[in-house]
J.: 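Got a structure for you, written out below as structure tokens; questions coming shortly.
Every chain is numbered from 1, with letters handed out A, B, ... down the list of sequences.
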Amino acid sequence: MNLRFQRYAGMKRFLLLFLISAFIPGAGGAADIDLSKAPGYKATKEDASEGGRYIPDLLTDDPFISDPVQLSGDPVFEDDFTFKKPPLRVSDPLEPLNRVFFTFNDKLYFWVLKPASNAYSAVLPADFRLIIGNFFNNLAAPIRFINNILQGEIEEAGVVLGRFLINSTMGVFGLGDVAYREFGLEPRDADFGQTLGRWGIGGGIYLCAPFLGPLNVRDSLGFIGDVYMHPVPYITDDATQDVIYLAEGRLNALSLSPPVYEELKRISLDPYVAARQAYYEYRNSIIESR
Amino acid sequence: MKLVTQAFCLAIFSLLFSPPVYTAEPGPTEQLQPIINGVIAILTDDALKGEANKIERRKKIMDVVSSGFDFREMSRRVLGSTWNTISAEDKDAFTVQMTKLLENVYIGKLETYSGEKVDFVAERVKGKRAQVTTIVDHEGAKLPIHYIMQQERETWMVYDINIEGVSLIKNYMEQFSSILRTEQYEGLVKVIEEKNKTFAEGK
């Protein structure tokens, strides 16, 4: 009984610290960083082809602007030149509060996370960080496995399981990605937010959470679900170890990911709206593609 | 009678051997591909590399890009219904500023090009609109970039770029409508001009 309670308390601490250490800026979603996007990740030639690749239909919105002069050089129907806003809009009733947290995250990024990431990158070469990333990514496999099952993607779940088994053994505890290099098994991502979306649950209102960045109600729930699918807190009962593990994992991921947030800020007139819209469309396109 | 048969045969033959009408005009992919390749040729030209050649390089890229990218259409779309309420001169001025912004954003991004392979993988045509999908291979990370085009007279012109599901034009449209709500059209123009100034100064 006592032991169970301890574990429960450990989980709660873990959850809290996971939330704190999990800040990923920009539109990348909250749960996982795709290491195949990290520099130095080599791919074979044949998977550059589109074979079976999902191509979204981006022409489903009405041509909400149609200007006959532009299209046919004929000004006769100038009156028909109408604007109809596409229905794709983010619900954001908490905007004033969200903007406060957005500014907070911005400061957090430039004052804390970026210097930490730079110092970390200066100490460890990229190849080494990639290996560490592989290790963290491999241990998070249960999240992807369970969610693929929940989404009915049995084949994808099989790939996740296969990758986990190969990389844990031949890849020496997941340090190398043998499954990809030797067996051509590409990483398959899945998180609980996607699963909920796939089950037809809408995003709900937009949230910009401190430390976490862009979220919505569905993906916040999904995020909490993912924490409970992560194996590490079940292995250790020591919250300090969980913290070190997670902080290191996040720092490592940040040091490998391209500076999405800085780029977004550079090109935007209103970075808050830009991040909100990008997050909304990015998550929707992922859920639609599954 | 013989004449009629001959005429009939001739008609059949001309129908059989005349090329179908739609192949006369190049499709969206055929029109986009040379533009992308042209831009890559400029970006990989050693004589145009470096900060010193930035102005000349950008001018050359813009010359190529303008033949297939409709910046006026993009300007109209990002502005939404406000476009109808402004004067013709304002439309021109706005298009100039918007073109400059997109040049800074899109070409600024292109300038980080380092030999990635661009594959044209799919094309979807619906009436006068089309979507051309390319995959940019950056060291194994495959980034899907979709070009949304419309047929203007005979030419297919790009009016939106969609990267991993995120539309460039829709993103700016949302930002602009947020600024328009609080600062009106004049305020928006000022914000865009200031943004372009920061691009010119720094990055």
J.: When rounded to the nearest 0.5 angstrom, what distance separates OH in Y272(A) from CD in E174(B)?
T.: 12.0 Å
J.: Using a 3.5 Å distance criterion without hydrogens, assess whether the side chain of E281(A) forms a donor-acceptor pair with backbone atoms of S167(B).
T.: yes
J.: Ignoring hydrogens and angles, tell me if any N or O in the side chain of Q175(B) forms a donor-acceptor pair with the backbone of V273(A) under 3.5 Å.
T.: no
J.: Between R124(B) (side chain) and P56(A) (backbone), is there a donor-acceptor pair under 3.5 Å?
T.: yes
J.: Report which part of I163(B) has an atom under 4.5 Å of a heavy atom belonging to chain A: side chain, backbone, both, or neither.
T.: neither
J.: Give, as side chain, backbone, both or neither, the part of S268(A) having an atom under 4.5 angstrom from any heavy atom of chain B.
T.: both
J.: If I compare all heavy atoms of K126(B) with all of D57(A), which pair ends up nearest, and what's the gap?
T.: NZ-OD2, 2.8 Å
J.: Could you grab the distance from atom OG1 of T133(B) to atom CG of L58(A), nearest 0.5 Å is fine?
T.: 7.0 Å
J.: Is the number of heavy atoms from other residues, nucleotides or ligands under 6.0 Å of F104(A) CZ greater than 12?
T.: yes
J.: Nearest 0.5 angstrom please: I267(A) CD1 to L168(B) CG, how far?
T.: 6.5 Å
J.: Main chain of N171(B), side chain of Q277(A): is a donor-acceptor contact present, judged purely on distance under 3.5 Å?
T.: no
J.: Going by residue number, which parts of residues 37-47 of chain B are within reach of chain A, meaning a heavy-atom gap below 4.5 Å?
T.: none
J.: Which atom pair, heavy atoms only, marks the closest approach of R266(A) to F199(B)?
T.: NH1-CE2, 3.2 Å
J.: If you count heavy atoms of other groups shown closer than 6.0 angstrom to NZ of K190(B), is the number above 12?
T.: no
J.: Heavy-atom distance under 4.5 Å to chain B: side chain of E288(A), backbone, both or neither?
T.: neither
J.: With respect to chain A, which residue among N162(B), I192(B), T155(B) yields the maximal number of heavy-atom pairs within a distance under 4.5 Å?
T.: N162(B)
J.: What pair of heavy atoms forms the shortest contact from I55(A) to A122(B), and how long is it?
T.: CD1-CB, 3.9 Å
J.: Applying side-chain hydrogen bond (donor to acceptor under 3.5 Å, both in side chains), which residue pairs with at least one partner in residues 197-207 of chain A are found, sequence neighbours left out?
T.: E153(A)-R198(A)
